[in-house]
Amino acid sequence: MKETISLRTMMSVQAAVALLIPVYYFVMVTYRLRSNVPLFLAIVLLLVIGRLKKRTEAADEYAKQTLRIADSICFRLAVVLMGVILLSLLFMDGSPEWLAGGLLTMGIFLLILIRACVFAWIDRCGMV
């Protein structure tokens, strides 16, 4: 029988993998790589995460509610954060492309990390 993985562990794995998003962007921009190898590695990593998701235990109603709350908080943060980033870049005259890409990439990374932290905090404290 396959061993199941808890939803909290799955959220931690997703947050750890999200660290690779800014690393990938930094490597591709700094070293100007034009290789397809990082893309293939990303596809393999997504396939591994997909297999892990199939092994997660069936989430109970409490875990589903906790995940919905974490998602709604992060959605509101995403709207505000990305709006601030994009509006500030809109008003800057001649902003460099790497700055826009870096800010958006770090924003996505921070949102995934905040989602995992909010989920763990609500799950631990039992706030639902």
Side-chain angles (χ1 to χ4, degrees):
M1 187 169 121
K2 293 182 179 179
E3 187 175 328
T4 59
I5 300 171
S6 70
L7 192 57
R8 182 184 286 181
T9 305
M10 189 63 206
M11 294 292 288
S12 301
V13 167
Q14 286 177 348
V17 170
L19 177 63
L20 297 176
I21 295 171
V23 169
Y24 172 77
Y25 181 78
F26 176 75
V27 168
M28 294 301 281
V29 168
T30 303
Y31 298 111
R32 299 182 193 273
L33 294 178
R34 300 292 180 239
S35 173
N36 288 334
V37 173
L39 180 64
F40 292 130
L41 289 175
I43 290 170
V44 168
L45 193 60
L46 288 174
L47 290 174
V48 168
I49 290 176
R51 302 257 321 170
L52 282 177
K53 278 188 177 181
K54 288 182 181 178
R55 289 181 49 193
T56 56
E57 62 188 24
D60 57 347
E61 199 59 38
Y62 174 75
K64 288 179 185 176
Q65 185 69 18
T66 304
L67 193 57
R68 278 190 217 117
I69 292 171
D71 286 343
S72 68
I73 290 171
C74 285
F75 177 73
R76 292 176 186 145
L77 282 173
V79 169
V80 171
L81 180 68
M82 296 303 167
V84 167
I85 290 172
L86 291 176
L87 279 176
S88 63
L89 289 172
L90 179 69
F91 291 124
M92 290 176 71
D93 188 28
S95 62
E97 296 85 17
W98 60 267
L99 179 65
L103 287 175
L104 290 174
T105 303
M106 289 305 292
I108 291 170
F109 168 67
L110 286 175
L111 286 171
I112 294 171
L113 193 64
I114 289 171
R115 178 180 180 238
C117 292
V118 167
F119 177 80
W121 181 57
I122 292 173
D123 193 40
R124 187 177 339 114
C125 294
M127 300 176 80
V128 175

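Reckoned from all heavy atoms, side chains included, excluding hydrogens, waters and symmetry mates.
Scanning both residues, I112 and A15, for their nearest heavy atoms gives CG2-CA, 4.1 Å. The two residues Y62 and D123 come nearest to each other via the heavy atoms CE2-OD1, 3.3 Å. Across every non-hydrogen atom of L19 and F109, the tightest pair is CA-CE1, 3.4 Å.
Under the side chain to side chain contact (heavy atoms under 4.5 Å, CB included) test applied with L77, the options I73, L81, V79 reduce to a single match, I73.
Hydrophobic clustering of Ile, Leu, Val, Met, Phe, Trp and Tyr side chains at less than 4.5 Å, counting indirect connections, keeps L110 apart from V17. Linking ILVMFWY residues whenever their side-chain heavy atoms come closer than 4.5 Å, directly or via other members, leaves M106 and I114 in distinct clusters. In the hydrophobic cluster analysis, where Ile, Leu, Val, Met, Phe, Trp and Tyr join through side-chain heavy atoms closer than 4.5 angstrom, L86 is grouped together with Y25. Under a hydrophobic-cluster definition in which Ile, Leu, Val, Met, Phe, Trp and Tyr are linked whenever side-chain heavy atoms come within less than 4.5 Å, directly or via other members, W121 and I69 are assigned to the same cluster. In this structure, L111 is a member of the same hydrophobic cluster as V118, with clusters built from ILVMFWY side-chain heavy atoms closer than 4.5 Å.
To the nearest 0.5 Å, atom CD1 of residue I85 and atom CG of residue L90 are 13.5 Å apart. Here the CG atom belonging to L113 is positioned 13.5 Å from the CD1 atom belonging to I108, to the nearest 0.5 angstrom. In this structure, L99 CG and L104 CG are separated by 9.0 Å, a value rounded to the nearest 0.5 Å.
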